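The structure presented is a predicted model; accordingly, all values stated were derived computationally and were not measured.
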Amino acid sequence: MNEGETIKWQELEYEDKKRSTDWFWALGVIVIASSAAAIIYENYFFAILLVLGGLMLGYFAIKKPDMIFYELGEKGLKINTDFYPYEKIKSFYISTETKPTLFLKSGRMFMPVMTITLEYTQIEKIKNLMLSKNIPEEEMKGHISEKIMDSLGF
């Protein structure tokens, strides 16, 4: 990679999955049954929380993913309008198990590991750039919750 060159790519926010009407019926039945049980046990706050959670799940199930723009340059990583300087990135790892994925560990308290889908053609460029910025490579994997959510159809 030449001095001053940037690597740009774009990916969908998440994989858009088609859900059948049976999926939505199952969600509705689960939410109604669990809310009814919470009401029977006079736990009204939990019942409201279950209904709101079910509505949010339904909303995000039908919402189309946004396009996210990435730019990796001399000073850091830009994700849409957010900027992460190299000084804030503690380590990285590029996994090619299923699809190319860049894991970045930062100093953030909430969600310290970012997961970014890559294109196969950019793996070497990104790896070389990260190493040239003295960012250590440390093996990382996706969180177990991501695998669970995948298997549930999210």
Closest heavy-atom pair and its distance - [X], [Y]:
X    : Y   : answer
Y70  : Q10 : CD1-CA, 4.5 Å
E71  : T6  : OE2-CG2, 4.0 Å
G54  : V31 : CA-CG2, 3.6 Å
L104 : F92 : CD2-CB, 3.7 Å
L27  : G58 : CD2-N, 3.8 Å
L50  : S35 : CB-OG, 3.6 Å

Expected output: side-chain [X] to main-chain [Y] donor-acceptor under 3.5 Å:
X    : Y    : result
S106 : P112 : yes
R19  : I62  : no
T101 : K99  : yes

- Task: Evaluate whether atom CZ of F46 has more than 12 neighbouring non-hydrogen atoms of other residues, nucleotides or ligands under 6.0 angstrom away.
- Result: no
- Taking everything shown except Y120 itself, do over 12 heavy atoms lie less than 6.0 Å from its OH? yes
- Message: According to a hydrophobic-cluster definition based on side-chain heavy atoms being under 4.5 Å apart (Ile, Leu, Val, Met, Phe, Trp, Tyr only), do Y93 and W9 belong together?
- Response: no
- Should L129 and L131 be counted in the same cluster of Ile, Leu, Val, Met, Phe, Trp and Tyr side chains packed under 4.5 Å apart? yes
- Between E74 and K133, does at least one N-O distance fall below 4.0 Å, as a salt bridge requires? yes
- Salt bridge present between E13 and K63 (N-O < 4.0 angstrom): yes
- Item | Approximate separation, where rounding is to 0.5 Å, of I116 CD1 and I79 CD1 | 4.0 Å
